[in-house]
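By convention in this document, chain letters (A, B, ...) are assigned in the order of the sequence lines, proteins followed by strands, and residues within each chain are numbered from 1.
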Number of protein chains: 2
Amino acid sequence: MNTLSYGLLSLLTKNSRSGYELMQHIQPFWSAKHSQIYPLLAQLEQKGHVAFVHVPQSDKPDKKVYSITEQGKDALRGWIAEPTDEPVTRDELSLKVYCIGLVDKEQARKMLAVREVYYKKKKERFNLLMDKIQQGSEKPLDQLEIGDDAFGMYVLVHKATMKVDTDLYWCEWMKEKLK
Amino acid sequence: MNTLSYGLLSLLTKNSRSGYELMQHIQPFWSAKHSQIYPLLAQLEQKGHVAFVHVPQSDKPDKKVYSITEQGKDALRGWIAEPTDEPVTRDELSLKVYCIGLVDKEQARKMLAVREVYYKKKKERFNLLMDKIQQGSEKPLDQLEIGDDAFGMYVLVHKATMKVDTDLYWCEWMKEKLK
DNA sequence: CTCCTTTATGTCATTATTGACATATAAACA
DNA sequence: TGTTTATATGTCAATAATGACATAAAGGAG
């Protein structure tokens, strides 16, 4: 079973969700398209790690809502105990920046400006996410502990916010360099 | 032509390198194995974007040293002008942290400790890289400008250093949370 | 003298991921 | 009324990336 499969199981420990919802919620932490997720859910279902029910909706198309089974939780615990793969990052921008001397300052500034907009939008999304976590929690977020349901999500969004702040700081620094 | 191919061309704008060296030098910014790089280099050679010479070595096995051609540089400039793909990050740890409540504090701490060691080693490597860039530069690094040969590498390693510092800061923060 | 590691290049099967195609419901908009 | 957007699920071909296999030269450790 691949990493994304375990990632889907991870999400399902908190809420039962449809494939579409899983796709939306896993995006910030593991980019994947629906064309990858639907087949994996079918696999997980065949193995008995998840189960689903058809949920009719009046305002939207019907959906299949998946839940994790006890067997799925066992598989998850086994996976967490195993050694963790190193993170993989692939950023086309870094390859372009490496040979940025090939183009003029103006083009370089534009390239960086596009990325800055991307980071700002991302930061905005993480801020909204953090608000949503706070709304669903009785405790103030900085008092959450490992046993609390929202703990994992909180510390991850905190990490993501720290990262995007660093990225934005670098953008500012680069603007100075390209003045 | 895929992004990695352009990445290889990017590296070759600064130095002529063998496939093995390219693999080592592109790693910090785009993870790729030799089994992906060698076929791409053959492709690039067929298209006339790079050329190579056999270089015999006495202390090590002989190698093929690739250089970028004028045609390759033109291709690179075209690629830089195109819209840049958004960065892709896949970190198995984040998926595990999401459902960290499934395991006890001790196991969680161990998992994070392994990652912290990874970040520290990475930071050490970037420090060495920065030293090496300084050694090859006449100017102090903070005075480098877009026209300077080492500029791209310098700003990238600076970004990477900022990122790994943020990651290490998060690890410290997590240690407090898991006390 | 043998084993291990690093350097060095390559192929190939498998897996992971994307992008295109396909279909359908419902709301919003013009 | 027709168009677009978001929701929702799915398949399949093509591409990207990895892991295993293969070979070889040179140096160092034991």
Side-chain angles (χ1 to χ4, degrees), chain A residues 1-8 11 15-27 29-46 50-66 79 83-92 95 125, chain B residues 1-8 11 15-27 29-47 50-66 79 83-92 95:
Chain A
M1 234 169 54
N2 64 21
T3 309
L4 179 54
S5 300
Y6 289 111
L8 296 171
L11 292 211
N15 303 95
S16 295
R17 294 192 187 279
S18 66
Y20 193 81
E21 289 167 338
L22 284 167
M23 175 194 67
Q24 293 179 312
H25 286 85
I26 209 166
Q27 285 287 358
F29 310 114
W30 193 280
S31 69
K33 317 284 173 184
H34 73 275
S35 52
Q36 197 182 6
I37 289 173
Y38 289 125
L40 290 181
L41 282 171
Q43 262 184 46
L44 287 168
E45 200 264 338
Q46 273 201 331
V50 299
F52 70 87
V53 284
H54 285 277
V55 175
Q57 297 185 116
S58 54
D59 54 334
K60 289 175 218 173
D62 300 350
K63 60 184 176 179
K64 288 163 80 172
V65 172
Y66 289 86
W79 166 67
T84 306
D85 284 344
E86 294 176 355
V88 171
T89 307
R90 290 200 178 90
D91 188 355
E92 192 176 22
L95 302 177
R125 281 199 299 275
Chain B
M1 233 167 58
N2 66 19
T3 308
L4 179 54
S5 299
Y6 288 110
L8 296 172
L11 291 211
N15 303 96
S16 295
R17 293 191 187 280
S18 68
Y20 192 81
E21 288 167 337
L22 284 167
M23 176 195 68
Q24 292 179 312
H25 286 85
I26 208 164
Q27 286 286 359
F29 311 113
W30 194 279
S31 68
K33 316 284 175 187
H34 74 275
S35 52
Q36 198 183 6
I37 288 173
Y38 288 125
L40 290 181
L41 282 172
Q43 262 182 46
L44 287 168
E45 200 265 339
Q46 273 201 330
K47 283 180 187 158
V50 300
F52 70 87
V53 283
H54 285 279
V55 173
Q57 296 184 115
S58 55
D59 54 335
K60 292 174 215 171
D62 301 350
K63 59 184 176 178
K64 289 163 78 173
V65 172
Y66 289 85
W79 166 68
T84 305
D85 284 345
E86 293 177 356
V88 172
T89 306
R90 291 201 177 88
D91 187 355
E92 192 175 24
L95 302 176

**Q** Check every atom of C/dA8, D/dT9, D/dG19 against the side chain of B/S35 and return the nucleotide holding the closest atom.
**A**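 Per side-chain heavy atoms of B/S35, the pick is D/dG19.
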**Q** When rounded to the nearest 0.5 angstrom, what distance separates OG1 in B/T84 from CG in A/D91?
**A**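 B/T84 OG1 to A/D91 CG: 8.5 Å, rounded to 0.5 Å.
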**Q** Nearest nucleotide by nearest heavy atom, which residue falls closer to the 5' end of DNA chain C, B/Y66 or A/S58?
**A**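 On the 5' side of the pair lies B/Y66.
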**Q** What is the distance, to the nearest angstrom, from the CG atom on A/D62 to the C1' atom on C/dA26?
**A**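 From A/D62 CG to C/dA26 C1': 11 Å.
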**Q** Please determine if a side-chain N or O atom of A/K64 lies less than 4.0 Å away from the OP1 or OP2 oxygen of D/dG10.
**A**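 Answer is yes, contact under 4.0 Å.
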**Q** Classify the ring geometry between A/W79 and A/Y6 as parallel (under 30°), tilted (30 to 60°) or perpendicular (over 60°).
**A**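 The rings of A/W79 and A/Y6 lie parallel, inter-plane angle below 30°.
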**Q** Just to confirm, is there a sub-4.0 Å distance from OP1 or OP2 of D/dT9 to any side-chain nitrogen or oxygen of A/Y20?
**A**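 No.
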**Q** Out of C/dT18, D/dA20, C/dT7, which has the shortest distance to the side chain of B/P61?
**A**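 Selected nucleotide: C/dT7.
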**Q** Nearest whole Å is fine: how far is C/dT18 C1' from B/E86 CD?
**A**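 Whole-Å distance recorded here is 15 Å.
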**Q** To the side chain of B/K60, which of C/dG19, D/dA20, C/dA8 is closest?
**A**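 Given the options C/dG19, D/dA20, C/dA8, the side chain of B/K60 is closest to C/dA8.
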**Q** Checking contacts here: which listed nucleotide (C/dT17, D/dG19, D/dA8) is nearest the side-chain heavy atoms of A/Q36?
**A**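 Within the option list, the nearest is C/dT17.
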**Q** Kindly compute the distance separating CZ (B/R17) from CE (B/M23), expressed to the nearest 0.5 Å.
**A**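 Going from the CZ atom of B/R17 to the CE atom of B/M23 covers 12.0 Å.
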**Q** When the distance from OH of B/Y38 to C1' of D/dA16 is rounded to whole Å, what number comes out?
**A**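 Taking atom C1' of D/dA16 as the reference, OH of B/Y38 is at 19 Å.
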**Q** Figure out the NE2/P separation between A/H34 and C/dA22, and round it to whole Å.
**A**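 Interatomic distance, NE2 of A/H34 to P of C/dA22: 14 Å.
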**Q** Send over the distance from A/R17 CZ to D/dT9 P, rounded to a whole Å.
**A**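 About 13 Å, once rounded to whole Å.
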**Q** Expressed as a whole number of angstroms, how long is the span from A/L44:CG to D/dT9:P?
**A**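 The distance from CG of A/L44 to P of D/dT9 comes to 15 Å, rounded to the nearest Å.
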**Q** What integer distance in Å separates B/R90:CZ from C/dA16:P?
**A**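 Whole-Å distance recorded here is 11 Å.
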**Q** Do A/I26 and B/L95 have side chains that approach each other closer than 4.5 Å (heavy atoms only, starting at C-beta)?
**A**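 In short, these two side chains touch, coming nearer than 4.5 Å.
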**Q** Select one nucleotide: of C/dT18, D/dT11, D/dA20, the one nearest the side-chain heavy atoms of A/P39.
**A**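 Out of C/dT18, D/dT11, D/dA20, the nucleotide with an atom closest to A/P39's side chain is D/dT11.
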**Q** Nearest to the side chain of A/W30, heavy atoms from C-beta on, is which of D/dA20, C/dG19, C/dT17?
**A**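 So the nucleotide nearest the side chain must be C/dT17.
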**Q** For the pair B/E92 (side chain) and A/E86 (backbone), establish whether a donor and an acceptor sit closer than 3.5 Å, ignoring hydrogens and angles.
**A**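 Side chain of B/E92 to backbone of A/E86: no pair is present.
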**Q** OP1 or OP2 of C/dA8 versus the side-chain N and O atoms of B/Q57: is any pair under 4.0 Å?
**A**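 For C/dA8, OP1/OP2 do have a side-chain N/O of B/Q57 under 4.0 Å.
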**Q** With rounding to the nearest 0.5 angstrom, report the OG to NE2 distance, A/S18 to A/H54.
**A**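 The distance works out to 12.5 Å.
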**Q** Would you mind reading off the bend of the helix from C/dC1-D/dG30 to C/dA30-D/dT1 from its two end axes, five pairs each, to 10 degrees?
**A**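 Its terminal axes enclose an angle near 30°.
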**Q** How about A/L44 and A/Y66: do any of their side-chain heavy atoms sit closer than 4.5 Å?
**A**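 No, side chains not in contact.
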**Q** How close or far is atom C1' of C/dT5 from atom CD of B/Q24, stated in whole angstroms?
**A**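 So the CD-C1' distance, B/Q24 to C/dT5, works out to 14 Å.
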**Q** Here's a test of your reading of the structure: between A/A32 and A/D59, which maps to the more 5' nucleotide of DNA chain C?
**A**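 On the 5' side of the pair lies A/A32.
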**Q** Looking across every strand, which nucleic acid part, if any, lies under 4.0 Å from B/A42 by heavy atom: base, sugar-phosphate, or nothing?
**A**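 Nothing, no nucleic acid heavy atom in range.
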**Q** At 4.0 Å (heavy atoms only), tell me whether A/S18 reaches a base, stays on the sugar-phosphate, or touches nothing.
**A**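 Touches sugar-phosphate only.
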**Q** Report the distance from atom CZ of A/R90 to atom CG of B/D85, rounding to the nearest 0.5 Å.
**A**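 Between A/R90 CZ and B/D85 CG, I get 12.5 Å after rounding to 0.5 Å.
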